[in-house]
Amino acid sequence: MSSRELILDRVRAALRDAPVVAEAPRDYRPAGAAPPDLDVLVDRLVDYKAEVHRVASAEVAATVAGLVAEGGAVLVPPGLPEMWRPEGAFADDGLAPDRIAAADAVLTAAAVAVAETGTIVLDASPDQGRRVISLLPDVHVIVLRPDQVVASVPDAIARLDGRRPLTWISGPSATSDIELNRVEGVHGPRHLHVLLLTDG
Amino acid sequence: MSTFLGMPTTAPRGVGHLRGDRTFPEAARDALKNDQLRRNLRHATTTIRGKSGKVIAELPDWQSLRDAGSAIKAGVLAQLPELLEQLEARVTEAGGVVHWAADANEANAIVTGLVRQTGSDRVIKVKSMATQEIGLNEALEAAGITPVETDLAELIVQLGHDKPSHILVPAIHRNRSEIRDIFLRAMPGVDPALTDDPPVLAAAARRYLRETFLSTTVAVSGANFAIADTGTLGVVESEGNGRMCLTLPDTLITVMGIEKVLPTWRDLEVFLQLLPRSSTGERMNPYTTMWTGVTPGDGPQKFHLVLLDNGRTAVLSDPAGRQALHCIRCSACLNVCPVYERTGGHSYGSVYPGPIGAVLSPQLTGVADNASLPYASSLCGACFDACPVKIDIPSLLVHLRNRVRHPAAERAAMAAAAYTMDRPKLYASAQRAAKLARIAGRRGRGLPPPLSGWTAGRDLPEFPKQTFRDWWAERASHPEPASHPEPASHPERAEET
């Protein structure tokens, strides 16, 4: 008998009493219950030490250039809109991890943002790139369109495709491991900038 | 004990970390003498209770989310075979390989074999209760493979040659200056001028592990959930060490208890709200990674999922006890428990400490191997109120106490009490005898041996001056209301701590 059959047999034997379970009540606020509030998103992002910049699309490249030191290397995913790229940015084309880690900052788009929790989700679309590029550089800059912002976690789940590689980001890397207090800055990017577009 | 193939089976002895070498009262007695430990625990649990309470209060539908979470988990257990088969199919379609491990030994052998196949002699690890439970690190070391814990608290425990004492924050028993001392002593290349400022300590861990992340080709993780209808796995974390392990290596091996499966993608909308607010007291934890099998060109190109039983089917076989498998490992019950706050996690002997550990560990191992744990509680009920999936831990503790084999003296006393209470004349004379015992002066000193174990952790209630039977008899002989005797003094309530 394989372990697979063994375990499944054990589970069936354990359920000999054939428990009958009613469908789960879902009386919580469902997807679509409320419109997103951008001010709530900004408040929650700032609370978890992200820096928020409200800019027009045309100002993205200059804003990002201003966030890195003169001549700093900005990494971008291959599908990032041209107009957002700061001068001298280099695109990921399967770079080795040490090349990615050497970038001063990475600039990506996003898939969805949750106002209530201050969370931004990347789904590895071409304008967001491979998961690793938003992980190794010390500064992560995310461009967010207002129509990507939803109110709650159920709204985000309804919009996302679970079969894509997803990274949910709420503020910079942090830990609660020392005396259960939140401290920012461990292994992921220690600085998170969110460029919230004013012109969708 | 004979085992029949296909019958639910408890976790085997001699492997893993579900059994302590001492009983809870023995270990707790030592822990209570450690003032530093009690200060650290009180500080940390007070902090987290405040944070968690604040963000839970922000949600108007928290109780509805708990109801949904509890019902979804009950549904998972009821249809577990179908969900596991569906999960296996989806993960396989997406390019992953699914393995089934009946117990800790088999899981350790599977993981060790998979690591050997890669040729690597080192693995990076994301904090995982399942791999702690099965003693995977010891098994890997025995095979000449170095496991590197990358979670900050696990690193503190590993560098300090210590044991984890909390589900979420395994180094909760250490304060910042103790952590600095461990880093100075055991972290190669650390700055000798290291201070105990938490951001400085976090930065030291970042520098220490960076090169290891970039150069290790195999990672081992646990999983917070697996979605049956999409095949999606998820790890909820804070530091980014999880993202490193789940993204950088060529090979990813995930060990997950069979009860962690969820039916649908939509169910995540419940658990992603319940878990962060109950565990770290955040609206959302900094990072969550979700992956489905293998994505060409992005992340590990080889993915193995090891589905672990190791006693879970034994828990499942008890219709009353199985709700312990609803646990999402948030640790809220530890943080509100007056017993945990004073004794710390090591006293429980198992990797699952606190209230949930007191009901989960004895069921995974069989009650006989963790017989003292169902008593490691005052039954105050704070854990039930705090549990995001509404596990009725106090009732489960009482249920398990009834399955513990009671000491011979206690069984004899209970049998004698039952016999006496069935016979009114005998009962009346027993009550008179109890009064005599009080006069004899044992009050406040507990029961004499061999019953002294009963009163070691409880006060013996003071007997009333007059038994109810005496009062009733007296009242019948003096029918005038004016002649009511003074009410018998109310016995002092035994104060449980």
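So you know, we letter chains A, B, ... as the sequences are listed, proteins then strands, and number each from 1.
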Quick one: which of [options] has the most heavy-atom pairs under 4.5 Å with chain A, could you say?
options                     : answer
B:G69, B:G297, B:P81, B:A71 : B:P81
B:H43, B:K51, B:R266, B:K73 : B:R266
B:R174, B:R312, B:E85       : B:E85

Part of residues 78-93 of chain A lying next to chain B, heavy-atom separation under 4.5 Å: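 The stretch does not come within 4.5 Å of chain B.
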B:I258 vs A:V11, side-chain contact (heavy atoms from CB on, under 4.5 Å): CA-CA, chis, key distance, verdict: CA-CA 10 Å; B:I258 52 174; A:V11 173; 4.1 Å; yes
Shortest non-hydrogen contact between [X] and [Y], atoms and distance:
X      : Y      : result
A:A14  : B:R322 : O-NH2, 3.2 Å
A:P19  : B:A78  : O-CB, 3.9 Å
B:M290 : A:W168 : CE-NE1, 3.1 Å
A:G129 : B:D298 : O-OD2, 4.4 Å
A:A24  : B:A68  : CB-O, 4.2 Å
B:A74  : A:V21  : O-CG2, 3.7 Å

Distance in Å, B:Y287 OH paired with A:S173 OG, rounded so as to fall on 0.5 Å steps: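 That separation rounds to 4.5 Å.
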Interatomic distance, B:E282 atom CD to A:S170 atom OG [nearest 0.5 angstrom]: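 It is 8.0 Å, given to the nearest 0.5 Å.
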Checking the side chain of [X] only, and the main-chain atoms of [Y] only, is there a donor and an acceptor separated by less than 3.5 Å?
X      : Y      : answer
B:T292 : A:G162 : yes
B:R210 : A:H187 : yes
A:R163 : B:A94  : no
B:R206 : A:V186 : yes
B:W265 : A:I157 : yes

Exercise: do B:S317 and A:R16 side chains pair donor with acceptor under 3.5 Å: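 There is no such pair between these side chains.
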Distance-only polar pair, side chains of B:T47 and A:E179, donor-acceptor under 3.5 Å: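 There is no such pair (donor and acceptor under 3.5 Å, judged by atom type) between the side chains of B:T47 and A:E179.
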Stepwise side-chain contact (heavy atoms from CB on, under 4.5 Å) test for B:M284 and A:V114: CA-CA 10 Å; B:M284 191 64 88; A:V114 183; 6.0 Å; no
Sequence neighbours excluded, every pair satisfying side chain to side chain donor-acceptor pair (under 3.5 Å) that has a member inside residues 26-37 of chain A: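 Counting only pairs at least two positions apart or across chains, the side chain to side chain donor-acceptor pair (under 3.5 Å) contacts touching residues 26-37 of chain A are A:R26-A:Y28, A:R26-B:D267, A:Y28-B:E269, A:R29-A:E116, A:R29-B:D61.
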Contacting moiety of A:R164, where chain B heavy atoms sit under 4.5 Å: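 Only the backbone of A:R164 comes within 4.5 Å of chain B.
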Part of A:L160 lying under 4.5 Å from any heavy atom of chain B: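 Both backbone and side chain of A:L160 come within 4.5 Å of chain B.
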Side-chain touch B:R277/A:T117, heavy atoms, less than 4.5 angstrom: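 B:R277 reaches A:T117 side chain to side chain.
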Evaluation steps, side-chain contact (heavy atoms from CB on, under 4.5 Å), between B:R243 and A:S134: CA-CA 10 Å; B:R243 291 178 69 189; A:S134 59; 3.0 Å; yes
Ion pair check, B:E239 and A:R190, cut-off under 4.0 Å: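 Result for this pair is no, no salt bridge flagged.
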